[in-house]
Structures are given as C-alpha cells and as structure tokens.
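Just so you know, these numbers use all the heavy atoms, side chains as well, and skip hydrogens, waters and symmetry mates. As the structure is a computational prediction, the values presented were derived from the model and not from experiment. First the proteins, then the strands, lettered A, B, ... as listed; each starts at 1.
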There are 2 protein chains.
Amino acid sequence: MGLTKTNKFTKEQNELARLAKALGHPARIAIIEHLTKAQSCICGDIVKELPLSQSTVSQHLKELKSVGLIKGTIEGPSVCYCINNEVWLVAKVQFEGLFASLKSAENCC
Amino acid sequence: MGLTKTNKFTKEQNELARLAKALGHPARIAIIEHLTKAQSCICGDIVKELPLSQSTVSQHLKELKSVGLIKGTIEGPSVCYCINNEVWLVAKVQFEGLFASLKSAENCC
DNA sequence: CTAATCTATCGTAATAATACGATTGTAAAA
DNA sequence: TTTTACAATCGTATTATTACGATAGATTAG
C-alpha cells in the first residue's frame, strides 16, 4: 500500500504531521537554521553551504515551500528564500501545543 | 540513491530531523496526543482508537519507541505504552530552540 | 542577439515508508 | 495442559523519498 490514510485522521493531526515531516530531514533542518539565523537567503548560498547537489537542494527547498514554511521570491537572476512568518508561527503554536499537553505528572510505566 | 547523507550533517541536525520524522505521520501524532492526554496507555486501546490494523499500529509504536519518544513495559498479557519524559523534554527543548531562533524582524522578501 | 549564470525540472536508480494479512511468541485463564 | 488474548514480527505490495546528472527556463551581462 504505502499510502498514508490521511482521510482517517483529523485536519489538525494531518497538518502537524505534514509540518513535522517537512522538518524530518537534516538538510531541511540545516536550511531552516540557515534562514532563521542568517540575513542572506539566496538560493545559491544555501546550495554552497549544503553537502548536496544543486538539484537535490532545490528539491528540499520545494518541499519546505510546499508546506509553506518558506517562501521564495525572484531577485534578479537568483531566488531569495526566507521563512514564511505566518506559517512559521502556526507551526510554532502547534508544536508548542503538542509539547505542552503532556501532564508532567508521574507516568504510568 | 534514496539514502539520507546523515554523515554530512551535524549530530544536532540529525537528531532533530529524526525526532521530526517520527512525528511526521498523523497516526503517530494521534498516538502521542493520546498518550499525553489520557491516563490509559494499553496498546490494545491505542489500536482500537486508530483507524489502522493492529500490525500497522504496532509498526508506528515501534518507530516512536526507536527514537525514544515513548516506552513500553509489559503489563501482564498486554503492553503499557507511555511518553518517555527524558527524551520528550529533549525534543521539546530542541524544537523550541528551532522556533526561537527566528529573528522576528522584517524578512528580506 | 549571444553568452553566461542561476535555479527548476526531468529522468532515473536506490532505498525507505505505509499498510495489511498471516504467523509467531507470551502470558494469563480455564 | 490447553485454550484464549494480546502484541510483535514476517512477508509482501504499493507508494514515497532521496539523490544525482542532464536538461530546460529565465534573467542579466556583454
């Protein structure tokens, strides 16, 4: 099968899973870290920083863009990528909610 | 290829990606949500709650266990699953760190 | 216009993930 | 001991992911 049964879960569960999945690769973590820390966000710079080929980096950028965590705008001959603040905030809230929901009391096992 | 180049990234990036990846499926989000909210954590109850077969749920539990987010202890004929507080805290801190690192100032694009 | 540069996409190969039924392994109950 | 119940694992089919080289598209430079 190999096909996630998205329709069997809530919209919120799917959304959080989608965000988590997008962060589920070290290259994409590295991209996000770069974009949150550095001022520069030219695609070429990201490619230079990562130990992966240009096409592979482009693929990772596309995935992050597809979940909305980043956005890219054409800037002359190159593309400027940066964090999409709106979605970033939503992700932050959702993850915080997940982590906050644990009753820090004693576990049952 | 299809093989993540783990060795090219930092330990921290790989660890965070590993945690995110484990949360990157709605069934596993549902499991985590159940374990953080409910007191009961018997494997059978989780299976009943999820719209997936017993073997598939077992596989998801195994993945969550392999990254350390949950732990399971045998309790008579059944198994009691719960959040692993130590790893949970590490994950919480790591995600918070990622989300906190964004300079909320104006973006470049 | 042409050449150079930058990035996205295509094609493809290798590997991982998702899901289920069937089976196996444990532990309590009869 | 034998049955019953619960959960893990095996086998397998389908789909997704990761990665790269090659190519295409778009934009600036000459």
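- Here the C1' atom of nucleotide dA16(D) and the CG atom of L3(B) are 15 Å apart, to the nearest Å.
- Counting heavy-atom neighbours within 6.0 Å of I74(A) CD1, excluding the residue itself, gives a total of 12 or less.
- Q59(A) meets the side-chain hydrogen bond (donor to acceptor under 3.5 Å, both in side chains) test with no other residue; sequence neighbours excluded.
- Annotated stems with DNA chain D as a participant read C:1-30 with D:1-30, given as range with range, by first number; only runs of 3 or more Watson-Crick or G-U pairs under 3.5 Å qualify.
- Side chains of L69(A) and N84(A) form no contact here, defined as non-hydrogen atoms less than 4.5 Å apart.
- In this structure, I31(B) places its CD1 atom 13 Å from C1' of dA7(D), rounding to the nearest Å.
- Listed by first then second residue, pairs satisfying salt bridge (charged side-chain N to carboxylate O under 4.0 Å, His left out) with a partner in residues 76-99 of chain A read K92(A)-E96(A), not counting sequence neighbours.
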Are any protein N/O atoms closer than 3.5 Å to N/O atoms in nucleotides 8-10 of chain C? If there are, list each pair with its distance.
| from | atom 1 | to | atom 2 | distance (Å) |
| --- | --- | --- | --- | --- |
| dA8(C) | OP1 | Y81(A) | OH | 2.3 |
| dA8(C) | OP2 | S58(A) | OG | 2.9 |
| dA8(C) | N7 | Q54(A) | NE2 | 2.8 |
| dA8(C) | N6 | Q54(A) | OE1 | 3.0 |

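- Ranking dA19(D), dA7(D), dG21(C) by closeness to the S53(B) side chain, first place goes to dG21(C).
- Taking atom CD of E49(B) as the reference point, atom P of dA7(D) lies 14 Å away to the nearest angstrom.
- Atom CZ in R28(B) sits roughly 15 Å away from atom P in dA16(C) (whole-Å rounding).
- Every residue was checked against the side-chain hydrogen bond (donor to acceptor under 3.5 Å, both in side chains) condition with Q94(B), not counting sequence neighbours, and none meets it.
- Contact annotation: H60(A) does not reach the phosphate of dT17(D) (side-chain N/O to OP1 or OP2, under 4.0 Å).
- Judged by distance alone, with hydrogens and angles left aside, the side-chain atoms of Q13(B) form a donor-acceptor pair with the main-chain N or O of T10(B) at under 3.5 Å.
- Rounded to whole Å, atom P of dT18(D) lies 14 Å from atom CG of L50(A).
- DNA chain C is contacted by K5(A) of residues 5-26 of chain A, taking any non-hydrogen atom closer than 4.0 Å.
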* **Contact state string [nucleotides 25-30 of chain C, B base, S sugar-phosphate only, - no protein heavy atom under 4.0 Å]** => --SS--

* To do: Evaluate the criterion side chain to side chain contact (heavy atoms under 4.5 Å, CB included) for residue pair K21(A) and L23(B); output intermediate values, then yes/no.
  => CA-CA 7 Å; K21(A) 194 174 186 179; L23(B) 296 174; over 6 Å; no

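- Qualifying ring-ring contact (aromatic ring centres under 6.0 Å, His included) partners for F95(B), counting only residues two or more places apart in sequence or in other chains: F95(A), F99(A).
- Annotation: side chain to side chain contact (heavy atoms under 4.5 Å, CB included) contacts of S58(A) (sequence neighbours excluded): Q54(A).
- With sequence neighbours excluded, no residue satisfies side chain to side chain contact (heavy atoms under 4.5 Å, CB included) with S66(A).
- For K62(B), there are no side chain to side chain contact (heavy atoms under 4.5 Å, CB included) partners, not counting sequence neighbours.
- A straight line from CG of D45(B) to C1' of dA5(D) spans 14 Å, rounded to a whole angstrom.
- In this structure T36(B) satisfies the side chain to side chain contact (heavy atoms under 4.5 Å, CB included) test together with S101(A), L102(A), I32(B), I83(B), W88(B), sequence neighbours excluded.
- A donor-acceptor pair is defined here as one N or O able to donate and one able to accept, closer than 3.5 Å; such a pair exists between the side chain of N14(B) and the backbone of T6(B).
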